[in-house]
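Encoded as structure tokens, the structure appears first; notes follow it.
Values below: all heavy atoms of this structure, side chains included; hydrogens, waters and symmetry mates excluded.
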Amino acid sequence: MKEMIHKYEQNGQYIVLDVCSGGVHVVDELTYKLLDYVAPPFAEVCPDDVLAKMDGFDKEDVKECYTELKELYDAKMLFTEDDYEQYAAMAMKAPIKAMCLHVSHDCNLRCKYCFAQTGDFGGDRMLMKPETGKKAMDFLIKHSANRENLEVDFFGGEPLMAWDTVVETVKYARSIEKQHGKNFRFTITTNGMLLDDEKIDYINKEMSNCVLSLDGRKEVNDNIRPTPNGKGSYDIIVPKYQKLVAGRGTKDYYVRGTFTKYNLDFANDVLHISDLGFEQLSVEPVVTDPEMPYAITESDLPTIFAEYDRLEKLMEEQKLANKRKFNFFHFMIDLNQGPCAVKRLRGCGCGNEYVAVTPDGDIYPCHQFVGIEEWKMGDIFSDKIDQKIKDYFAGIHIYSKENCGNCWARFYCSGGCNANSFIYEGDVKKPHKLSCELQKKRIECAIALAAAGKDAE
């Protein structure tokens with residue numbers, strides 16, 4: 001049975017989400033309680049058995065509330081039917097529009113939780129040659145069909161270790177984009193160790209977005225993100241990040257951290273990053289083998305949920321008081337419009353609209369599938385791509401995944417991360433349970449934060 005509404009309490013608010021329309025209703029206690037006992041089809045007047053269950057409330061108030069709920073239902077603002085599933089069956093392959101370009105399978109840090117096995121993705125340490133980067137741009141242009149806007153993320157390992165390849169690839173792409181009717185948007189993800197004034201100026205000129213890795217407080221960051229000789233990275237990278245962000249103007253960036261079992265008080269890391277002067281930030285839960293000492297497990301969920309509540313309450317208080325502002329990635333949600341239908345159904349486009357390319361030119365569905373041989377899709381030099389894998393991912397959506405089609409959060413998480421599902425559950429179509437629970441909690445907090453103060457606007 002598909003959930004049609006989802007209701008919960010958050011920071012003193014009674015919140016009701018109409019799942020399929022995306023409508024959010026902040027209601028009073030009576031309405032919240034009454035929704036425990038009513039569902040379509042609605043009678044013309046409140047049934048006697050429902051009235052009998054509403055002890056402690058005035059019967060006339062209950063009748064009036066029931067009528068209002070029926071009016072919302074009739075107006076298709078509550079208990080809305082799911083009309084998305086009919087479009088899921090039309091899912092098909094799409095041109096490739098985004099590429100994660102692994103210019104480096106090497107790294108100058110040894111982060112303990114690194115999904116890329118400290119940068120080499122389980123293989124040989126290597127850097128991409130400029131010629132390979134150029135070939136990747138040719139491949140992307142060819143396979144993008146009529147897509148005009150193309151996205152390339154320079155990734156690793158640590159991409160600044162292959163700086164010449166980054167520069168030459170951008171230069172080449174810019175030299176040919178107009179003749180092909182394309183517009184490249186570049187992003188770079190870096191640990192900051194090799195940043196200098198020249199690289200900062202270049203990134204701020206050429207990169208539409210920049211992702212800066214930092215886990216929060218100095219002791220937290222340096223414990224889990226050390227250099228190969230065991231020393232910390234915090235004191236080296238923070239001043240460089242501050243200088244880079246100060247020169248970005250209106251261009252996008254965000255500071256991206258990871259929290260583990262070692263810092264379940266991660267809200268303090270969010271606040272610390274904000275205190276450093278960064279307004280765009282994200283601190284995300286580690287996803288890893290549950291046997292690892294830093295792994296988050298199911299027993300940690302109550303602590304993590306309480307921490308999300310604490311952070312949401314603080315951000316809500318700041319919002320209402322018009323004080324310090326920062327954007328926390330997981331609490332950002334658009335209640336007025338939100339993503340398009342395709343995005344709601346399929347999420348990131350892994351293996352379909354989006355691929356990853358390794359330093360030697362191999363193609364995988366995304367950066368987290370890299371090195372898993374069964375998911376290799378081809379290579380840019382032969383210019384061939386495994387259409388069976390592409391077809392497979394084109395057909396992955398919330399109605400093809402286990403339990404997703406019935407979940408209240410389905411149109412916000414779009415089925416979660418395909419790679420995490422495969423790596424930790426053994427099946428792309430079986431969502432990672434722990435990630436689901438964390439995602440649902442973050443969505444609740446995000447909706448509550450977006451709804452806070454709406455009446456006053």
Side-chain angles (χ1 to χ4, degrees), residues 96-109 116-144 147-213 240 244 251 354-367 369-371 376-385:
I96 297 172
K97 67 173 184 178
M99 176 180 288
C100 184
L101 193 63
H102 290 219
V103 293
S104 173
H105 274 189
D106 198 358
C107 191
N108 46 8
L109 290 183
Q117 290 85 53
T118 68
D120 61 18
F121 288 82
D124 296 331
R125 295 189 181 273
M126 66 176 74
L127 302 179
M128 180 180 285
K129 297 177 180 178
E131 292 74 19
T132 305
K134 295 175 184 178
K135 186 67 175 178
M137 297 302 97
D138 291 334
F139 177 91
L140 180 55
I141 286 174
K142 178 178 179 180
H143 291 270
S144 63
R147 293 291 181 91
E148 178 182 351
N149 295 314
L150 306 180
E151 300 179 15
V152 177
D153 180 14
F154 293 104
F155 199 73
E158 174 47 46
L160 298 192
M161 296 178 72
W163 184 247
D164 288 348
T165 297
V166 172
V167 172
E168 289 300 314
T169 301
V170 171
K171 181 179 179 182
Y172 178 72
R174 293 289 184 224
S175 72
I176 62 173
E177 62 182 348
K178 297 308 178 188
Q179 71 188 70
H180 293 284
K182 306 295 183 182
N183 177 49
F184 279 95
R185 182 180 186 273
F186 294 106
T187 297
I188 195 163
T189 300
T190 179
N191 63 33
M193 294 293 287
L194 295 178
L195 282 174
D196 56 27
D197 288 351
E198 179 184 353
K199 292 183 179 67
I200 287 173
D201 290 343
Y202 184 87
I203 288 170
N204 284 342
K205 177 184 177 184
E206 296 290 351
M207 302 295 160
S208 297
N209 199 357
C210 183
V211 183
L212 309 169
S213 298
K240 295 179 179 182
L244 184 149
K251 287 189 174 181
Y354 169 81
V355 296
V357 175
T358 67
D360 52 2
D362 289 339
I363 303 168
Y364 289 88
C366 83
H367 59 289
F369 279 106
V370 166
K376 181 179 173 181
M377 299 178 70
D379 68 86
I380 60 174
F381 296 105
S382 65
D383 199 29
K384 293 180 180 179
I385 192 162

Supply the atom-to-atom distance [X] [atom1] to [Y] [atom2], rounded to the nearest 0.5 angstrom.
X: I188; Y: L212; atom1: CD1; atom2: CG; answer: 10.0 Å
X: D153; Y: T189; atom1: CG; atom2: OG1; answer: 4.0 Å
X: K134; Y: I176; atom1: NZ; atom2: CD1; answer: 10.5 Å
X: C100; Y: E151; atom1: SG; atom2: CD; answer: 11.5 Å
X: D106; Y: R125; atom1: CG; atom2: CZ; answer: 5.0 Å
X: I385; Y: F139; atom1: CD1; atom2: CZ; answer: 4.5 Å

Should the ring pair H102 and H105 be called parallel, tilted or perpendicular, given that the plane angle runs from 0 to 90° and is split at 30 and 60?
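Perpendicular: the ring planes of H102 and H105 meet at over 60°.
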Do side-chain atoms of N191 reach the backbone of M193 as a donor and acceptor pair under 3.5 angstrom?
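Looks like yes, one N/O pair under 3.5 Å.
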Main-chain N/O of K205 paired to K251 side chain as donor or acceptor, under 3.5 Å
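Judged by distance alone, yes, a pair lies under 3.5 Å.
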Can you list every side chain to side chain donor-acceptor pair (under 3.5 Å) pair that touches residues 176-186, not counting sequence neighbours?
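Side chain to side chain donor-acceptor pair (under 3.5 Å) check on residues 176-186 returns S144-K182, N149-N183, R174-E177, R185-D252.
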Test item: Y354 and H367 side chains (from C-beta on) under 4.5 Å apart, heavy atoms:
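Yes, side chains in contact.
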Are M207 and V170 close enough that some pair of their side-chain heavy atoms sits under 4.5 Å apart?
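They are in contact (side-chain heavy atoms under 4.5 Å apart), so the answer is yes.
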Could you walk me through whether T169 and V103 pass side-chain contact (heavy atoms from CB on, under 4.5 Å), step by step?
CA-CA 10 Å; T169 301; V103 293; 5.5 Å; no
Derivation of the side-chain contact (heavy atoms from CB on, under 4.5 Å) call for H143 and D383:
CA-CA 9 Å; H143 291 270; D383 199 29; 3.0 Å; yes
Quick one: do L195 and I203 satisfy side-chain contact (heavy atoms from CB on, under 4.5 Å)? Show the steps, please.
CA-CA 10 Å; L195 282 174; I203 288 170; 3.8 Å; yes
For a quick test of reading the model, state the closest non-hydrogen atom pair linking [X] to [Y] and the distance between them.
X: A136; Y: L101; value: CB-CD1, 3.6 Å
X: L127; Y: P359; value: C-CB, 4.0 Å
X: M161; Y: L194; value: CG-CD1, 3.7 Å
X: C107; Y: E158; value: SG-CB, 4.0 Å
X: P130; Y: E168; value: CB-CB, 4.0 Å
X: F184; Y: I141; value: CZ-CG1, 3.9 Å

Going by the rule ring-ring contact (aromatic ring centres under 6.0 Å, His included), which residues pair with F381 if we only count those two or more places apart in sequence or in a different chain?
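For F381 there are no ring-ring contact (aromatic ring centres under 6.0 Å, His included) partners, ignoring immediate neighbours.
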Run the numbers on V357 and M99 for side-chain contact (heavy atoms from CB on, under 4.5 Å), then give the verdict.
CA-CA 7 Å; V357 175; M99 176 180 288; 3.8 Å; yes
Partners passing side chain to side chain contact (heavy atoms under 4.5 Å, CB included) against D362 (at least two apart in sequence or in another chain)
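D362 satisfies side chain to side chain contact (heavy atoms under 4.5 Å, CB included) with T358, D360, Y364, K376, D379 only.
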One thing to verify: whether D138 and K135 come together as a salt bridge, which I'm taking to mean a side-chain N less than 4.0 angstrom from a carboxylate O.
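Looking at D138 together with K135, the answer is no, because their closest N to O distance does not fall below 4.0 Å.
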